[in-house]
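Here is the structure we will look at, set down as structure tokens.
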2 protein chains.
Amino acid sequence: MPVARVRDQYHHGDLESALIATARKFTKRNGIEHLSLRKVAQEIGVSPSAAYHYFPDRDALMAAVGFSLFEELADYQERELAKITGTTAKAAKERYRALGKTYFEWAIKEPHFFNLMFSEHCLVDSKSEEKREDNRAFINLTKCLDELVSTGALEERMRGHSELLSWTVVHGATSLIVGGHLDPENYESILDDLEFSLGIRK
Amino acid sequence: MPVARVRDQYHHGDLESALIATARKFTKRNGIEHLSLRKVAQEIGVSPSAAYHYFPDRDALMAAVGFSLFEELADYQERELAKITGTTAKAAKERYRALGKTYFEWAIKEPHFFNLMFSEHCLVDSKSEEKREDNRAFINLTKCLDELVSTGALEERMRGHSELLSWTVVHGATSLIVGGHLDPENYESILDDLEFSLGIRK
DNA sequence: ACTACTATCTATACATTGTTCAGATAAAAG
DNA sequence: CTTTTATCTGAACAATGTATAGATAGTAGT
């Protein structure tokens, strides 16, 4: 059976991006576990060995897909955040909610993506640059909490306790729900509990 | 090259348990992604196809390993909890802490186990029996929170907000730290924040 | 004790996979 | 136009998951 060739040039042009994009497509459908390097190459119309010019092994391609997803999630989050304007306490509270909801909705819509991002393929050594510091989602959270304090929606004495707490609650609940260990309908009320215990009243 | 045979009987006796136990051993070392059904069979001294009498495919074996780990974690948690006796508020607070700390410590000691448990291989449909209801870790948490209330360590009005919140914080922080997205040294202070925001004072 | 039956395991085979490596081809540089 | 470098191909290999047919052992019935 002859292999279907999409391409008509010997050189692809931007094979690295194509590999990531195609691997992303396959992961979206079947999850990262069933990703085949050969099938990715075949889809692009390139020989299996071509990928090894850009990635040392299959794991590296998976990781590249995963890390690109962090950007994608942050993009989505910032787009949704931008829809909520205003400097009132009400607006700040809505943005805070949106941070949690967008994280969750994105994960629910693409569970294979979420699972890849927090799988062993995307391990970070927590001391490198891929860390909290340049984590856009974390920066957005920090900014949002500052708004909550400055608008009086969050007591100043709770500020220091709310950052990591918010992050872990949002991620933890999402993770448990995506994994099927917690019912999705609980998510909203968990955010309620979080806000309540931080003293953010409706 | 002749295959080394550990076994001297045609029938193994309890091959299903042996498969899970051996797969567990390999997972502990190398993570679930690099688990080979053939190597597991070889280690036991059995042909590769023998496994298919007990598991429909490789994924099913992985899942079996994963689900057994939930039991293992609960066992460990209950052993540690049992060490803290007494009916005072102080004892209740210590037990509450222990719930969070044991979860974390277990995950840090065996990250490959933790990753398997919350990977796509151990997906639960959240409507089945493998759910919250018969989740021993969750039951222990419930009991512990009741103790906190009855000893006066936790205000009754916070009781309803503390269950899912505690669970998601503990799991979320652990998950982020195991994945390298958060520094381990933050864990203790996250538990502090949780207790603080729930009104559990030292 | 013999026979039929069922559960358990083996042997063999196959397609697919990740990966390597020598060489072909195209693009860039001189 | 030649040389050099980057990019990709082709063929090969060992390992993997899995299917199928048959062998072996334990079990139940007589």
Side-chain angles (χ1 to χ4, degrees), chain A residues 1-27 29-66 116 119-122, chain B residues 1-27 29-66 116 119-122:
Chain A
M1 191 173 59
V3 178
R5 287 285 155 81
V6 174
R7 167 192 57 92
D8 55 345
Q9 318 169 27
Y10 194 95
H11 282 47
H12 177 277
D14 193 2
L15 184 53
E16 180 167 5
S17 308
L19 287 167
I20 295 180
T22 307
R24 200 201 94 111
K25 204 176 80 181
F26 285 175
T27 302
R29 260 207 291 279
N30 310 324
I32 195 75
E33 315 301 336
H34 304 102
L35 182 75
S36 156
L37 231 176
R38 292 182 98 108
K39 289 214 176 102
V40 169
Q42 177 174 312
E43 169 95 359
I44 300 177
V46 104
S47 106
S49 3
Y52 287 83
H53 198 76
Y54 300 95
F55 301 101
D57 54 16
R58 177 174 170 265
D59 258 25
L61 173 57
M62 293 175 166
V65 174
L116 166 58
S119 73
E120 293 195 337
H121 300 103
C122 293
Chain B
M1 193 173 56
V3 179
R5 287 286 155 82
V6 173
R7 167 193 56 94
D8 53 347
Q9 317 168 27
Y10 193 94
H11 282 48
H12 177 277
D14 194 2
L15 183 54
E16 179 167 4
S17 307
L19 286 166
I20 295 180
T22 307
R24 200 201 93 110
K25 204 175 80 180
F26 285 174
T27 301
R29 261 206 292 278
N30 308 325
I32 196 73
E33 316 302 335
H34 304 100
L35 182 75
S36 156
L37 232 177
R38 292 181 99 106
K39 289 214 177 103
V40 169
Q42 176 174 313
E43 168 96 358
I44 300 177
V46 103
S47 103
S49 2
Y52 287 83
H53 198 76
Y54 301 96
F55 301 100
D57 54 16
R58 178 174 170 265
D59 258 25
L61 173 57
M62 292 175 165
V65 173
L116 166 58
S119 73
E120 293 194 339
H121 300 103
C122 292

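Nothing here was measured: the structure is a model prediction, and the numbers come from that model. The sequence lines fix the lettering, A, B, ..., with proteins before strands; numbering per chain opens at 1.
Scanning residues 16-27 of chain A for heavy-atom distances under 4.0 Å to DNA chain C yields an empty list.
For B:Lys39, the side-chain hydrogen bond (donor to acceptor under 3.5 Å, both in side chains) criterion is met by no residue, not counting sequence neighbours. Among residues two or more places apart in sequence or in another chain, the side-chain hydrogen bond (donor to acceptor under 3.5 Å, both in side chains) test is passed with A:Glu120 by B:His112, B:Asn115. Residues satisfying the side-chain hydrogen bond (donor to acceptor under 3.5 Å, both in side chains) test with B:Arg24, not counting sequence neighbours, are B:Glu72. For the side-chain hydrogen bond (donor to acceptor under 3.5 Å, both in side chains) test, residues two or more places apart in sequence or in another chain that qualify with B:Ser49 are B:Ser47.
Between B:Glu33 and B:His121, the closest side-chain pair of non-hydrogen atoms falls below 4.5 Å. You'll find the side chain of B:Asp59 reaches within 4.5 Å of the side chain of B:Met62, heavy atoms only. In this structure, the side chains of A:Phe55 and A:Ile20 come closer than 4.5 Å at one or more pairs of heavy atoms.
To the nearest angstrom, C1' of C:dG18 lies 13 Å from NE2 of A:His121. Put simply, CD on A:Glu33 is 13 Å from P on C:dG18, counting in whole angstrom units. For the pair B:His34 NE2 and C:dG18 C1', the interatomic distance rounds to 11 Å; values are reported in whole Å. Atom-to-atom, CG of A:Leu61 to P of C:dT17 comes out at 14 Å; the value is rounded to the nearest Å. Rounded to an integer number of Å, the gap from CD of A:Gln42 to C1' of C:dG18 is 15 Å. If you take CG of A:Asp14 and C1' of D:dT7, they are 13 Å apart, rounded to a whole angstrom.
Using a 4.0 Å cut-off, no side-chain N or O of A:His53 falls inside it from OP1 or OP2 of D:dC8. B:Tyr54 has a side-chain polar atom (N or O) that falls below the 4.0 Å cut-off from OP1 or OP2 of C:dC9.
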Anything under 3.5 Å between a protein N or O and an N or O of nucleotides 13-17 of chain D, put it in a table, one pair a line.
from   : atom 1 : to      : atom 2 : distance (Å)
D:dT16 : OP1    : B:Ser36 : OG     : 3.3
D:dT16 : OP1    : B:Lys39 : NZ     : 3.0
D:dG17 : OP1    : B:Leu37 : N      : 3.0
D:dG17 : OP1    : B:Arg58 : NE     : 2.9
D:dG17 : OP2    : B:Leu37 : N      : 3.1
D:dG17 : OP2    : B:Arg38 : N      : 3.2
D:dG17 : N7     : B:Arg38 : NH1    : 2.6
D:dG17 : O6     : B:Arg38 : NH1    : 2.7

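A distance of 13.0 Å separates OG in B:Ser119 from CD1 in A:Ile32, rounded to the nearest 0.5 Å. One distance of note links OG1 of A:Thr22 with CD1 of A:Ile44; it measures 3.5 Å at 0.5 Å rounding.
Considering only side-chain atoms of B:Ser49, the nucleotide from C:dC9, D:dT9, C:dA11 that sits closest is C:dA11.
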